[in-house]
Number of protein chains: 2
Amino acid sequence: MRASSVEQAILETLSKEHSHLTSLQVFEEIRGRLPAVNQSTVYRALERLVEQGVVSVSDMGTHAAVYELLTDGRHHHLVCQKCRRVMTIGHEDVQSFFNAIQEKNHFQIVTNHLILFGICDNCQENVENSRAEK
Amino acid sequence: MRASSVEQAILETLSKEHSHLTSLQVFEEIRGRLPAVNQSTVYRALERLVEQGVVSVSDMGTHAAVYELLTDGRHHHLVCQKCRRVMTIGHEDVQSFFNAIQEKNHFQIVTNHLILFGICDNCQENVENSRAEK
DNA sequence: ACGTATAATGCAAATCTTTGCATATGCAAA
DNA sequence: TTTGCATATGCAAAGATTTGCATTATACGT
Ligand SMILES: [Zn+2]
Ligand SMILES: [Zn+2]
Ligand SMILES: [Zn+2]
Ligand SMILES: [Zn+2]
């Protein structure tokens, strides 16, 4: 199975933008080159790329899934639920956890772009401050 | 902030069913008691319960978010992408990982129902078998 | 090149979820 | 009780994603 033209266009878009893009953003970006392309085709092509492990798909708390190229080193994210700040963590900080889970459960983890939600340091301070003010 | 009647009904449904339910399943369940309730109201009530940390919401690979009561001990899941099998792991197996991430990044993790995708032991064997057959 | 099988695409409809706005409801102060 | 405010709800529309089906493009063996 060869990479379809839409897959090709998606891959180039993702490597050029080098960030988390929604399906709509990808769609609008590749329209320039493939004017007749349909949104469902983009969804299906993205799905195939995700299945191949070339692209990650994640819910980062915005109300649309985001896609990212996975060629460069694996990474993961911490997303602040207060200010929406996105922090990046390397796979080294996750590796040993994944290994332990895999061994204990005889389960081969495929998840490649972990998203953990919480409160960033700034927002934690703000909570403390607003408490102190009372 | 008062507990709305819809929240109340949702909580009772979730504690009775004691499993991962979609918004639609919750909706249809509470219709018996609140016949005029609207689906968007259910979505909003679920959203509030999630924000309060009483209920978890997760994408488990089915194409609809699932909600679960969090009163009993925290747990997480491994979901097989081949056969859809859902395995449960205790929070003890995740705790130290979360702690390390929190300390290193000064980030307070709120994620309370982690979903890791991968391949279960059965399906790993099947892959090996089909390889051997060739 | 030809015919066939497989995979990709477009299109429209279905499904899932969010959102804006008007109304209704519960709570508390007056 | 009445008033005022904050929150919850219904409704409809918008937005996001999936799916069924017919058509087209591609690969592969002849
Ligand atoms: Zn990323
Ligand atoms: Zn923050
Ligand atoms: Zn669960
Ligand atoms: Zn499996």
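The model shown is predicted, which means the values in this text are computed figures rather than measured ones. So that the names make sense, note that chain A is the first sequence line, chain B the second, and so on, each numbered from 1.
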Peer 1: Among the nucleotides dC11(D), dG10(C), dT17(C), which one has an atom lying closest to any side-chain atom of A64(B)?
Peer 2: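 Nearest listed nucleotide: dT17(C).
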
Peer 1: Think S5(B) has a side-chain N or O under 4.0 angstrom from the OP1 or OP2 of dT9(D)?
Peer 2: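 Checking dT9(D) against S5(B), a side-chain N or O does come within under 4.0 Å of OP1 or OP2.
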
Peer 1: Find the distance M60(A):CE to dA16(D):P and express it as a whole number of Å.
Peer 2: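 Distance, rounded to whole Å: 17 Å.
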
Peer 1: Can you establish whether the number of heavy atoms outside E51(A) located under 6.0 Å from its atom CD is more than 12?
Peer 2: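 Not more than 12 within 6.0 Å, no.
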
Peer 1: Atom CG of D59(B) to atom P of dA16(D): distance rounded to whole Å?
Peer 2: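 Whole-Å distance recorded here is 17 Å.
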
Peer 1: Examine dT17(C): is either OP1 or OP2 under 4.0 Å from a nitrogen or oxygen in the side chain of Y43(B)? Give yes or no.
Peer 2: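 Checking Y43(B) against dT17(C): at least one side-chain N or O falls below 4.0 Å of OP1 or OP2.
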
Peer 1: Kindly compute the distance separating CD1 (I115(A)) from CG (L114(B)), expressed to the nearest 0.5 Å.
Peer 2: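 Spacing of CD1 (I115(A)) from CG (L114(B)) equals 11.0 Å.
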
Peer 1: Donor-acceptor pair under 3.5 Å: do we get one between S40(A)'s side chain and the base of dC11(C)?
Peer 2: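 Between dC11(C) and S40(A), which were checked side chain against base, a qualifying N/O pair under 3.5 Å is present.
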
Peer 1: Output yes when at least one side-chain N/O atom of H63(B) is less than 4.0 Å from OP1 or OP2 of dA14(C), else no.
Peer 2: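 Checking dA14(C) against H63(B), no side-chain N or O comes under 4.0 Å of OP1 or OP2.
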
Peer 1: From OH of Y67(B) over to P of dC16(C), roughly how many Å is that when rounded to an integer?
Peer 2: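 Going from Y67(B) (OH) to dC16(C) (P), I get 12 Å.
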
Peer 1: Can you establish whether the number of heavy atoms outside H91(B) located under 6.0 Å from its atom NE2 is more than 12?
Peer 2: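 For H91(B), atom NE2 is crowded (more than 12 foreign heavy atoms under 6.0 Å).
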
Peer 1: Of the candidate nucleotides dC11(D), dA8(D), dA8(C), which contains the atom at the shortest distance from the side chain of E7(A)?
Peer 2: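 Of all the options, the side chain of E7(A) is nearest to dA8(C).
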
Peer 1: To the side chain of V37(B), which of dT17(D), dC11(C), dG10(D) is closest?
Peer 2: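 Of dT17(D), dC11(C), dG10(D), dG10(D) is nearest to the side chain of V37(B).
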
Peer 1: As a test of reading the structure: which of dT9(C), dT17(C), dC11(D) is closest to the side chain of A65(B), going by heavy atoms?
Peer 2: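 Output: dT17(C).
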
Peer 1: As a test of reading the structure: which of dA8(D), dG10(D), dT9(C) is closest to the side chain of V6(A), going by heavy atoms?
Peer 2: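 For V6(A), the side-chain atoms sit closest to dT9(C).
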
Peer 1: Is the distance from OP1 or OP2 of dA8(D) to the nearest side-chain N or O of T41(B) less than 4.0 Å?
Peer 2: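 Checking T41(B) against dA8(D): no side-chain N or O falls below 4.0 Å of OP1 or OP2.
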
Peer 1: Distance alone, cut at 3.5 Å: any donor-acceptor contact between the side chains of H75(A) and E68(A)?
Peer 2: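 Looking only at side-chain atoms, E68(A) and H75(A) do form a donor-acceptor pair, the distance falling under 3.5 Å.
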
Peer 1: Which of these nucleotides, dT19(D), dT9(D), dC16(C), is closest to any side-chain atom of L24(B)?
Peer 2: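 The closest nucleotide is dC16(C).
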
Peer 1: Which nucleotide sits closest to the side chain of R44(A): dA8(D), dT18(C), dC11(C)?
Peer 2: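 Given the options dA8(D), dT18(C), dC11(C), the side chain of R44(A) is closest to dC11(C).
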
Peer 1: For dA30(C), give the paired nucleotide (Watson-Crick: N1-N3 plus N6-O4 or O6-N4; G-U: N1-O2 and O6-N3; both under 3.5 Å), or none.
Peer 2: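 Its partner is dT1(D).
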
Peer 1: Give the minimum heavy-atom separation between V79(B) and F107(A), together with the two atoms involved.
Peer 2: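 Of all heavy-atom pairs spanning V79(B) and F107(A), the closest is O-CZ, 3.5 Å.
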
